[in-house]
Protein chains: 2
Amino acid sequence: MVERGGSGVPGGRRKQRVSMADVAKLAGVSSQTVSRVSNGHPGVISSTREQVLAAMRELGYRPNSAARALRYGQFNTIGVILFSLSSTGNSRTVEAIATHAAAEGYATTLIPIDVPTQDNVLGAFTRMGELAVDAVIVIMEIHLLDTGTVQLPPGVHVVVVDSDAGDRYSVVDTDQADGARKAVRHLLDLGHRTVWHVTGPQESFAGQRRAQAWRAVLGEAGRPVPPALYGDWSAASGYEAGLVLPEPPDCTAVFAANDQMALGLLRAFHERGLSVPYDVSVVGFDDIPDAGFFVPPLTTVHQDFAEVGHRCVQKALEQIRAQTEARPGTDLVPTTLVVRGSTAPPSV
Amino acid sequence: MVERGGSGVPGGRRKQRVSMADVAKLAGVSSQTVSRVSNGHPGVISSTREQVLAAMRELGYRPNSAARALRYGQFNTIGVILFSLSSTGNSRTVEAIATHAAAEGYATTLIPIDVPTQDNVLGAFTRMGELAVDAVIVIMEIHLLDTGTVQLPPGVHVVVVDSDAGDRYSVVDTDQADGARKAVRHLLDLGHRTVWHVTGPQESFAGQRRAQAWRAVLGEAGRPVPPALYGDWSAASGYEAGLVLPEPPDCTAVFAANDQMALGLLRAFHERGLSVPYDVSVVGFDDIPDAGFFVPPLTTVHQDFAEVGHRCVQKALEQIRAQTEARPGTDLVPTTLVVRGSTAPPSV
DNA sequence: TGACAGCATGTTTACGTAAACATGACGGCG
DNA sequence: CGCCGTCATGTTTACGTAAACATGCTGTCA
C-alpha cells in the first residue's frame, strides 16, 4: 500500500482514515453522492452506486461516526452509570440494556463508579456531560445523587433503576415490595408463626423496600415481628446471620433479602445441624441461575432483570425520540415466586 | 430562559447545545480563547480566564465530544465485544476494564452478541467499524472470528481474552492450564488414585485448556485417565454429571471446570448420600464470591478477573498510544488454588 | 418545437473544536 | 529612541458528514 502523496498534511502521522472524499475521488463522483450511497438514499443510478460501492470496498471506507454525530447532534449511544457490575442483577440488567440498545442501533457506554461517594457520582455526571451520550441510565441507589448539587446537563435524558426517585426521574424497577410480600406470605401460608428477615445493606433502596414489605405483611397478619438481621448482600453476611438466629421453634422460617445471603444461611444451618426445610425454611430473592442447585434447592423470588433492562432502553429511547424531558414516574416489573426445596411447613 | 434569537436556524427544533461561540460571545472573547480555557492551555491572562469561566457557568457550557473526536481523530473509547455478560467471569472482567479505562480517561462501549453465530460476530465487527471506538477488546472464543472473512477495520487495535489466537492477536488470559494443573495435583497430592473431570462446553477454549491440563497431569503421574464428562458451565450440567459418576472407590475426586458445575456436583452427591469431602473430593474453577459458602465450602482455583481486565486495558492503550498494530502474543495471568472444605484425602 | 417537470449529480455550507498562523501591544536593551 | 522579542488574543482553516440548494440533462406534452 502506497503512502498517499496528495494529502496536504505535512510530515508526521499519516492519516489512516479513509474519508468520503477519498472514495469520491476514486469513484469519480462528488462526495455527496458517496454520502447518498452510504446512507441508502434514493436518487442514485445503479451504475453510479456500483462504482461507489466498489471504491468503498477497495479503500475500506467506513463512515466516521464522530463526523456523523457532529452533523446530527446525536451519538446513538446510551450511557449506563453504575456502581458495581458484579452485583447479581446489575450485570444481567446491563446485558439486557446493551442487547436491546444494540437492536435499536444504539451503543452502550459504561460509566463505572468505583466508590459510591457523592464526589465520584458527581464526577461521573460531570464527565458524562462531555461524554458522547444521548441518554443515561443510572443503576444505583438514587439518594447518592440528589443532594441538589448534581445538575444533569440539559438535553441528556435519564432513566433510573433501583430507586425511590420516581417523583423526579423516570424510574424502572423490580416490584421489590410485591416480591417480598410473596415470599413472606408463602412462608406464613405454610403455617409458620412468623418469619425472620436478613436485610440487605441499609442504604440500599431495594433492601429497604423488601424489609418494609416483610414488616408490613407480618403486621397485617397480626404476627410478631422479630428483629431484623442486617446483612450486606454477601453470602458471608448471610452466614453470620445464620449463626445467630435462634433455634426452632423460635425461628422456623427466614426470608433473606437475596439469594447469596440465603446461601450463607443454608451453610450456617447445615453447620448447626439444622435441616432445611424440615427444621427451618429459607426463602431468597433474585433467583440467580444457581439457586436451583443449592442444597437444598432454594425457594426464591424471581426477578426479571432482562425486562428491567428492556424497559430502561424503551424509556430512554422514547425520551430521545420525543425530545421530552424525563417524565417522572415509576415503572414496576413484576416478580414471581419460585417454590423449590428450601421451604416446608414447620415440623413443630 | 429565553429562546435565543440570533441563531440563524429557521423554525423547528431549537438548538439545545451551548457551543464555544456562545460562550465566546457572552465573555466578549474569541472562541479560540474559550478553547484555551476549556483545555487548560497556558497563555490566557487570569482576568480573561475568569470571564470565560463565568460565561461557561452561566450558559452551562459542555464541550461537544463529537467535535472533539472529529478534530482529534480519536474517540477516547474502548469497545468490548462479548457474547454474554452473565457468564461468571465476564462481568468482572468487563467491570475491571471499564474501571481502568475510566481511570485513563477512556469510556467503555459494550457490543453484545446475542447469539454467537459467525454472522453475528461478523456483524458486530462491521458495526464496530462505524462505531466510535479506538480499540476493541474481544471476550469470546476466538475461533468464531477467524474463518478469514472477518476483516478488522484498519486503525482499530484489538486485544483478545479467552483465546488461542496468540499467534495473530494480542491475547490476555487467565493461565487456564496452570490453574487446572494446580487443581489436579492438589487432589493427587491428597492421595487420590485419579481425578475425574467435568468439562466446560467443547467449543470453549478455556474449557479445552483445562481439560488438556487435567489429562496431562494424570498422564505425567502415570494415573488412569477416566472418561471426561461433558458439561456446559451450568450448575444443571454439573448436577447431571454428578448423578452418573461412579461410586467410591472408583471415583473419589472430581475436578469441575467451573464453580457452578461444582455446585451441581455437590448437590448431586448430597442427594446420592455421598459426603463431600469424605467420600468424594470436589475442586472447582473461578472462585466465585459464593464458593466459600457452598456446603461444604468449595476448594477452587482463583481467577484474577480484575487483573485480566486491567491488562487488557493496558495493552489496548499501549497500542493506541504507540499507534502500533496488535503485537501478537499471549499474556497469562496466574491463578491461585484456594483450599477450602470440599477436598480431603480419600477415606478408602 | 419549446417549455418544463423530473431526476441524477454537483456545490455550498454548517456542525463544534483546536491547531496553526496572524496581529498588536508592551517592555527591555542596544 | 527605535527595534525586536514576548505574550495575550484574534483569525483562518480543517476535521468528515449530509442537508439544502444549484445545475444540467432527458424526455414529454401542448
Original post:
Is the distance from OP1 or OP2 of C:dT17 to the nearest side-chain N or O of B:Tyr61 less than 4.0 Å?
Top reply: yes

Original post:
Please give, in whole Å, the distance from D:dT11 P to B:Met20 CE?
Top reply: 16 Å

**OP:** Output all residues satisfying side chain to side chain donor-acceptor pair (under 3.5 Å) with B:Glu318, sequence neighbours left out; order by chain, then residue number.
**Re:** none

Original post:
Is there side-chain contact between A:Tyr106 and A:Asp134, with heavy atoms separated by less than 4.5 Å?
Top reply: yes

**OP:** May I ask you to test the A:Gln74-A:Ile320 pair for a side-chain heavy-atom distance under 4.5 Å?
**Re:** yes

**OP:** Output all residues satisfying side chain to side chain donor-acceptor pair (under 3.5 Å) with B:Arg49, sequence neighbours left out; order by chain, then residue number.
**Re:** none

**OP:** Would you please name every residue forming a side chain to side chain donor-acceptor pair (under 3.5 Å) with B:Asn76, sequence neighbours left out?
**Re:** none

Subject >> B:Thr77: side-chain contact (heavy atoms from CB on, under 4.5 Å) partners, not counting sequence neighbours >> reply: B:Phe75, B:Ala107, B:Thr109, B:Val133

Subject >> Global bending angle along the helix from C:dT1-D:dA30 to C:dG30-D:dC1, which compares the axes of five pairs at either end, to 10 degrees >> reply: 70°

Original post:
With A:Glu307, which residues qualify under side chain to side chain donor-acceptor pair (under 3.5 Å), at least two apart?
Top reply: A:Arg311

Original post:
Among residues 38-45 of chain B, which residues get a heavy atom nearer than 4.0 Å to DNA chain D?
Top reply: B:Gly43, B:Val44, B:Ile45

Original post:
Does a side-chain heavy-atom distance below 4.5 Å link A:Arg92 with A:Val308?
Top reply: no

Subject >> With B:Gln32 via side-chain contact (heavy atoms from CB on, under 4.5 Å) - residues at least two apart >> reply: B:Ser30, B:Ser35, B:Arg36

Original post:
For the pair made of OH in B:Tyr72 and P in C:dG16, what is the distance, rounded to whole Å?
Top reply: 17 Å

Subject >> Distance in angstrom units between B:Gln32 CD and D:dA14 C1', rounded >> reply: 13 Å

**OP:** Could you pull out all residues at least two apart from B:Leu26 that satisfy side-chain contact (heavy atoms from CB on, under 4.5 Å)?
**Re:** B:Ala55, B:Glu58, B:Leu59

Subject >> With B:Arg71 via side-chain contact (heavy atoms from CB on, under 4.5 Å) - residues at least two apart >> reply: none

Original post:
Contact class for B:Thr33 (heavy atom, under 4.0 Å): base, sugar-phosphate, or nothing?
Top reply: sugar-phosphate

**OP:** Among the candidates D:dG16, D:dT17, C:dT17, find the nucleotide nearest to the side-chain atoms of B:Ala67.
**Re:** C:dT17

Would you tabulate the pairs of protein nitrogen or oxygen atoms and nucleotide nitrogen or oxygen atoms of nucleotides 21-23 of chain C closer than 3.5 angstrom?
none

Original post:
Atom CZ of B:Arg71 to atom P of C:dC15: distance rounded to whole Å?
Top reply: 17 Å

Original post:
Quick one: are A:Val94 and A:Ile137 in side-chain contact, heavy atoms under 4.5 Å?
Top reply: no

**OP:** Answer whether the closest heavy-atom distance between the side chains of A:Ser38 and A:Met56 falls below 4.5 Å.
**Re:** yes

**OP:** Provide the closest heavy-atom pair for A:Arg68 versus A:Pro63 in the form atom of the first, atom of the second, distance.
**Re:** NH1-CB, 2.8 Å

Subject >> B:Asn64 side chain, from C-beta outward: closest of C:dT17, D:dT11, D:dC15 >> reply: C:dT17

Subject >> Whole angstrom value for the distance that separates C1' of D:dT17 from CZ of A:Phe75 >> reply: 14 Å

**OP:** Looking at every strand, decide which applies to B:Thr48 at a 4.0 Å heavy-atom threshold: base, sugar-phosphate, or nothing.
**Re:** sugar-phosphate

Original post:
Whole-Å distance between C:dA18 P and B:Arg68 CZ?
Top reply: 4 Å

Original post:
Could you state the CG-C1' distance from A:Leu70 to C:dT13, rounded to the nearest angstrom?
Top reply: 13 Å

**OP:** Residues of residues 49-58 of chain A with any non-hydrogen atom less than 4.0 angstrom from an atom of DNA chain C: list those, numerically ordered, please.
**Re:** none

